[in-house]
Student: 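Have a look at the structure that comes next, please.
When a residue number appears, it is its place in the shown sequence, counting from 1. Whatever order the structure lists ligands and atoms in, that order sets their numbers, starting from 1.
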Amino acid sequence: MTPVYSLVIPIYNEQAVLPLLLRRLDALMDALDGPAEAILVDDGSRDASPIVLEAKARADARYRFIRLSRNFGHQIAITTGMDRARGQATIVMDADLQDPPEVVLEMVAKWKEGAQVVYAERLTRDGESAFKRFTADLFYRLIGRLSDIQIPRNVGDFRLVDRRALDAFLAMPERDRFVRGMFAWIGFSQAVVQFHRPPRAAGETKYSLAKMLRLAVNGLVSFSDAPLRLALWAGLAFSTLAMLYGLWVIGMWAMNADFARGWSSIIVLVAFLGGANMLVTGVLGVYVGRIYAEVKRRPLYVIEREVGAVEAQRPAQRDDRLQRRA
Ligand code: UDP
Ligand code: MG
């Protein structure tokens, strides 16, 4: 029986929360008005998570288990799950119950009203540090300014997507997957449900500062070329200033003024321009690095093991899709 609903859950070292999660998922699937499947994507956990998840997938036919060969990161883990989803509506949610299963029912109601993408907006975020909230706010302001697409604020990856929207998403070939930006980009009729985000049910965050930073840079670079244009404007500004300075020097010379002082100011200028040069080269380097990653055309992820409903049609590889279109 093909499911109507696919639940995609990325999991990285979540053994503390799994018993609770699986119970809540059972309840959610019972509450849904059609057959559902839960796709548990283990993102290379090093704790007991894969053992618990695999046992669940073997015991309950509604569950499927996929283990990636290493830690590929949250965005790739949810892409893996979405690749395998067979439902008419696919819902992505975190394992730590910060995305409450009850909210899924509200999303489904909006979907039935005709929305093709339903995202969940966080009204409050309990149990998150002031630092995290501040940096998240800053990031969304920045990307709102710098990119052409509007990524809704206070929205993570907790969302329901219709089959059509999902297929559009899966056809996007890029390696750098900033999933929330990609869903903002594809359009379709979008709706929103609001919820209060509770703290993590158990365990601690799997998003280290480094991972958060990488996500932010990824998002900016994939959806904005403003940093590249920065070089143009900064260059223009510096040359204008240099020209004005040159005119001033000539003026002083013409008036025979004694102005041969200020070697230090020259050093400061040279050092500053050297720094600006390096900065801009660095920005270029970031984009060139992205191009390099794209041309290598490596697969997005590597699957180590898969349990449950494997006989289901295998999704086409992204590269096949590209070749077919070419
Ligand atoms: N996660 C993952 N791979 C990673 C990091 C996180 O699959 O490399 C999963 C994690 O298990 C959880 C979800 O992504 O289900 C969100 O992570 P977390 O709750 O730690 O992030 P936070 O809510 O603190 O931003
Ligand atoms: Mg969380």
Student: Given side chain to side chain donor-acceptor pair (under 3.5 Å), test Arg46 with Asn71 step by step and report yes or no.
Tutor: CA-CA 9 Å; Arg46 279 182 295 261; Asn71 181 232; over 6 Å; no
Student: Which of these passes side-chain hydrogen bond (donor to acceptor under 3.5 Å, both in side chains) with Tyr301: Asp43, Thr80, Thr79, Asp83?
Tutor: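 Looking at Asp43, Thr80, Thr79, Asp83, the match for Tyr301 under the side-chain hydrogen bond (donor to acceptor under 3.5 Å, both in side chains) is Asp83.
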Student: Output yes when Asp137 and Lys132 qualify as a salt bridge under the 4.0 Å nitrogen-oxygen rule, no when they do not.
Tutor: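 No.
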Student: Closer than 2.8 Å to the Mg ion (ligand 2), which protein N, O or S atoms?
Tutor: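 Less than 2.8 Å away from the Mg ion (ligand 2) sit Asp96 OD2, Gln98 OE1.
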Student: State whether Arg62 and Asp60 are salt-bridged, where the test is any N-O pair (Lys NZ or Arg NE/NH1/NH2 against Asp/Glu carboxylate O) under 4.0 Å.
Tutor: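 Here Arg62 pairs with Asp60 in a salt bridge, since their nearest N and O are under 4.0 Å apart.
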Student: Under 3.5 Å, which donor-acceptor pairs do the side chains of residues 14-23 form with other protein atoms, sequence neighbours left out?
Tutor:
from  : atom 1 : to     : atom 2 : distance (Å)
Glu14 : OE1    : Arg200 : NH1    : 3.0
Glu14 : OE1    : Lys206 : NZ     : 3.4
Glu14 : OE2    : Arg200 : NH2    : 3.0
Gln15 : OE1    : Ala48  : N      : 2.9

Student: Check this for me, if you would: do Arg197 and Asp94 make a salt bridge, where the nitrogen-to-carboxylate-oxygen distance has to be below 4.0 angstrom?
Tutor: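 Salt bridge present between Arg197 and Asp94.
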Student: Anything with a heavy atom under 4.0 Å from ligand 1 counts, so go ahead and list those protein residues by chain and number.
Tutor: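 Within the 4.0 Å shell of ligand 1, which is judged on heavy atoms, sit Pro10, Ile11, Tyr12, Glu14, Asp43, Asn71, Gly73, His74, Asp94, Ala95, Asp96, Gln98, Lys132, Arg197, Arg200, Thr205, Lys206, Tyr207, Lys211.
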Student: Are Phe183 and Phe169 an aromatic pair, judged by ring center distance below 6.0 Å?
Tutor: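 Phe169 vs Phe183: aromatic centres under 6.0 Å.
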Student: Applying ring-ring contact (aromatic ring centres under 6.0 Å, His included) as the test, list every pair that has at least one member in residues 3-30; sequence neighbours left out.
Tutor: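 As it turns out, the ring-ring contact (aromatic ring centres under 6.0 Å, His included) pairs with a partner in residues 3-30, which skip direct neighbours, are Tyr5-Trp111.
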Student: Centre of Tyr292's six-membered ring, under 6.0 Å away, within 45 degrees of the axis: is that where NZ or CZ of Lys296 sits?
Tutor: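 Here Lys296 passes the 6.0 Å and 45° test against Tyr292.
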